[in-house]
Amino acid sequence: MSHSIMIMCEQSGGRILPVTSELISCANLIAAHCHSRITAVLPGLNTDAYSIPGADLLIINSPGLAEYTCEGWEMAAMLAAEQIMPDIIIIAHTSTGYDYAPRVAALTGSGCITSVCGIEFTGDNLTYRRGGFHGKLDLQYRAGEQALVITVLPGAFPSYDGQTEAGMTSIINADIQLACTSNVQFSIPDQANTELEHAEVIISAGKGIGKAENLQMIRAMASCFNRSAIAGSRVACDNGWIEYNAQVGLTGQKVSPQLYVACGISGSAQHIAGMNGSKTVVSINRDPEAAIFRYSDICIVEELESFIPEFIREAEKHRAE
Amino acid sequence: MKILVCIKQVPDQESRPIAYQDQTWAGYGDNTSYWINRFDEHAVEEALRIREIIPDTVIDIVSIGPARVTSAIKRSLEMGADQGFHLFMDSDAYVSPSIKSRLIADFCNTREYDLILTGVMSEDMMSGQTGPMIAARLGIPSATSVMKLEMNTAKSCIRVERELDSGHRCSMDLALPALVAVQSGINRPRYPSLSNVLRAKNSEITVIRSDASLTGPSYETVEKVQDTGSDRSGIRLEGTTTEKAARLWQILHEKSLI
Ligand SMILES: Cc1cc2nc3c(=O)[nH]c(=O)nc-3n(C[C@H](O)[C@H](O)[C@H](O)COP(=O)(O)OP(=O)(O)OC[C@H]3O[C@@H](n4cnc5c(N)ncnc54)[C@H](O)[C@@H]3O)c2cc1C
Ligand SMILES: Nc1ncnc2c1ncn2[C@@H]1O[C@H](COP(=O)(O)O)[C@@H](O)[C@H]1O
């Protein structure tokens, strides 16, 4: 069995972004088991890339691809797929990747597996791993008879450092015209929360705190530590308990304190993406199966409202000594 | 305006999935509660807000699943949606989003919706595929992770604002018909009003059998379901609440964190 693997480069303003190298690493893992041709596709306008290690490069150049649009990227991917005839298409699971990848799967008649975080071989059998059931179980998928589109979680594969030389480069000058999308405008976030960047200890509140009044308890816990700050999950921010600029995760801040305490947070992949660099992680959750425990050094199965006050009493007792 | 909202019913996230003996899939016990996927509740709410601005709007709800999903459809009607459609599928096994999207796209074909709303993902499976796939099958534009939706006055397009990574945003106009996958934070879903609860009591949910359409090309399948490993040391503290609190303090103290 041999594969034709197509990778969609992640780019910004014509520059190939580092996560692309993780996709190439994923493709090369497959290629190490069964003979594969790997082609990386770069949609854009006047890109400055000429070659890429570990893959052939196909540049799709068009005025319609000056910036990311779902419509433009779908057309570029379809154009490339016609040339490459891939049986596996690999796309990064980023806000651009998950926007158009399922569409490419539907249009090419492929199956689709999103947020892949690992691949495994048993003999010739290639399986793709991702979490499911609220992140409580690992699922191993395999391709059906149809081709397959996968999106790969950033950070799940190492950057490609193989010794293979860069492959061949070809360019298609296309005329991609957007019919349904107009007035595309990008904007950057409000001021970042530097408090979280500098904090040594972050006490983070999730939906599990239940109500705004319980924030008091989270603050009191934070004040047991020096150089501490409070933060929250997306749901805590959506509920108005925590400011959005203190949201930790994929669409929020990436933090890496000495100590991260997750209070009533379930541990979705999008939250983990923002805090997995923390030195020590403590989680307090009443659900013994909660996915957050998988990413924790110290796991505490408890109701927050009984545990946190108890911990604060303990800390105060020692402080008084 | 004709709006379709696609809703999925999901198990309570604190319930425990139990892998089947043969490890091909997992299920839940009989006492498990199910409700509307949180992201889909935001989608229903967004549809209701559009109807408040454009009064002649009709909001249909569609859900694929076994008999129990009628309660999720009912809940959307109680929130204020007009009509419910249940694409009945008597199975809790894995159904590829490729198939679910085909069923919903087929359902849409003759109904001519101006706008289709989905959640950005389902809480339990987190695939985020069904929405964009429906749009691709219907040949209409889509946007995911949408935090803001505005109708333009001519009603020929909508302005959406997508949330990108690290808090960046991107806005654009999409020609109608279009599909929008909404992100939480776009709105606060309302609680059903008494009058809507009473109205929903009398409304019929149209059931369409869809098991037959499961045949077709073979897409990805789940081969194995297993417990997750741990990425970290994962020590579980034991004892009473007080003992655990004391033990946590001690560990943190030893690490010079407190
Ligand atoms: C594109 C995209 C981007 C996203 N970006 C982010 C992001 O940047 N950051 C982020 O956090 N999320 C993000 N999310 C949302 C994410 O998928 C989850 O929905 C969210 O993280 C869940 O927040 P939570 O853990 O607080 O709530 P839930 O998932 O509802 O979990 C609550 C937890 O609290 C526990 N609990 C409940 N009551 C108690 C109690 N009394 N005592 C103890 N424990 C209790 C429950 O067992 C449960 O585990 C994103 C989603 C998408 C689709
Ligand atoms: N069984 C279903 N019935 C109706 N809509 C669904 C179903 N499954 C998923 N969807 C829709 O597709 C969105 C994304 O789901 P998923 O692709 O499972 O992550 C959900 O938020 C729903 O709006």
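Remember, it's a predicted structure, so these values are computed and weren't measured experimentally. Numbered from 1 within each chain, the chains take letters A, B, ... in sequence-line order.
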Notebook entry, point to check: Should R162(B) and D99(A) be marked as a side-chain contact (heavy atoms from CB on, under 4.5 Å) after you check the CA-CA gap, both sets of side-chain angles, and the distance that decides it?
Noted result: CA-CA 10 Å; R162(B) 293 190 64 219; D99(A) 196 41; 3.4 Å; yes
### Query
Is there any residue in residues 179-190 of chain B with a non-hydrogen atom under 4.5 Å from a non-hydrogen atom of chain A, and which ones are they?
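Near chain A, by residue number: Q183(B), S184(B), G185(B), R188(B).
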Do [X] and [Y] have side chains that get closer than 4.5 Å, going by heavy atoms?
{"X": "M133(B)", "Y": "R103(A)", "value": "no"}
{"X": "H134(A)", "Y": "P11(B)", "value": "yes"}
{"X": "C299(A)", "Y": "R236(B)", "value": "yes"}
{"X": "Q270(A)", "Y": "M121(B)", "value": "yes"}
{"X": "F307(A)", "Y": "L248(B)", "value": "yes"}
{"X": "V235(A)", "Y": "R38(B)", "value": "yes"}

Once rounded to the nearest 0.5 Å, what's the spacing between atom [atom1] of [X] and atom [atom2] of [Y]?
{"X": "H42(B)", "Y": "D238(A)", "atom1": "NE2", "atom2": "CG", "value": "6.0 Å"}
{"X": "R159(B)", "Y": "S182(A)", "atom1": "CZ", "atom2": "OG", "value": "7.5 Å"}
{"X": "Q258(A)", "Y": "K255(B)", "atom1": "CD", "atom2": "NZ", "value": "10.0 Å"}
{"X": "E314(A)", "Y": "Q250(B)", "atom1": "CD", "atom2": "CD", "value": "8.5 Å"}
{"X": "I284(A)", "Y": "L237(B)", "atom1": "CD1", "atom2": "CG", "value": "9.5 Å"}
{"X": "Q129(B)", "Y": "C112(A)", "atom1": "CD", "atom2": "SG", "value": "3.5 Å"}

Quick check on [X] against chain A: is it the side chain, the backbone, both or neither that has a heavy atom closer than 4.5 Å?
{"X": "I140(B)", "result": "backbone"}
{"X": "S101(B)", "result": "neither"}
{"X": "R247(B)", "result": "neither"}
{"X": "P97(B)", "result": "neither"}
{"X": "T130(B)", "result": "neither"}
{"X": "S96(B)", "result": "neither"}

Checklist line | Geometric class of the F133(A)/Y28(B) ring pair [parallel <30°, tilted 30-60°, perpendicular >60°] | finding: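 Aromatic pair Y28(B)/F133(A) classed tilted.
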Does a donor on one side chain sit under 3.5 Å from an acceptor on the other, for [X] and [Y]?
{"X": "T94(A)", "Y": "D165(B)", "result": "no"}
{"X": "N125(A)", "Y": "E223(B)", "result": "yes"}
{"X": "T221(B)", "Y": "R142(A)", "result": "no"}
{"X": "D138(A)", "Y": "T228(B)", "result": "no"}
{"X": "Q146(A)", "Y": "S218(B)", "result": "no"}
{"X": "Y98(A)", "Y": "S145(B)", "result": "yes"}

### Message
Is T69(A) close to chain B through its backbone or its side chain, or both, or neither, when contacts mean heavy atoms under 4.5 Å?
### Response
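It is neither, since no heavy atom gets under 4.5 Å.
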- Task: Could you tell me whether K254(A) atom NZ has more than 12 heavy atoms of other residues or ligands within 6.0 Å of it?
- Result: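 Buried by this count: over 12 neighbours within 6.0 Å.
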Margin query: So for atom CD, which belongs to Q226(B), do other residues, nucleotides or ligands contribute more than 12 heavy atoms lying within a distance under 6.0 Å?
Written below: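 Yes - once you tally the heavy atoms of other residues, nucleotides and ligands closer than 6.0 Å, there are more than 12.
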Would the distance check show the side chain of [X] and the main-chain N or O of [Y] forming a donor-acceptor pair, the cut-off being under 3.5 Å?
{"X": "R232(B)", "Y": "F293(A)", "answer": "no"}
{"X": "K136(A)", "Y": "D227(B)", "answer": "no"}
{"X": "K244(B)", "Y": "F311(A)", "answer": "no"}

query = Less than 4.0 Å between a side-chain N and a carboxylate O, is that true for E120(A) and K224(B)?
reply =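 Between E120(A) and K224(B) there is no salt bridge, as every charged N stays at least 4.0 Å from the carboxylate O atoms.
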So which of [options] has the biggest tally of heavy-atom pairs under 4.5 Å with chain A?
{"options": "T144(B), D173(B), V120(B), L174(B)", "answer": "D173(B)"}
{"options": "S230(B), G229(B), A175(B), S171(B)", "answer": "S171(B)"}
{"options": "L176(B), I134(B), I235(B), L252(B)", "answer": "I235(B)"}

Between A136(B) and L107(A), which heavy-atom pair has the shortest distance, and what is it?
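Closest pair (atom of A136(B), atom of L107(A), distance): O-CD2, 3.6 Å.
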Check: side chain to side chain contact (heavy atoms under 4.5 Å, CB included) with M75(A): which residues, sequence neighbours excluded?
Finding: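 If we apply the side chain to side chain contact (heavy atoms under 4.5 Å, CB included) test to M75(A), skipping adjacent residues, the hits are E71(A), I176(A), L178(A).
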message: Taking the six-membered ring of F186(A) as reference, does the cationic atom of R169(B) (NZ for Lys, CZ for Arg) lie under 6.0 Å from its centre and within 45° of its axis?
response: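 That pair does not qualify as a cation-pi contact.
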Between P141(B), S142(B), C157(B), which is the residue that forms a side chain to side chain contact (heavy atoms under 4.5 Å, CB included) with C180(A)?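 Among the candidates, only P141(B) passes.
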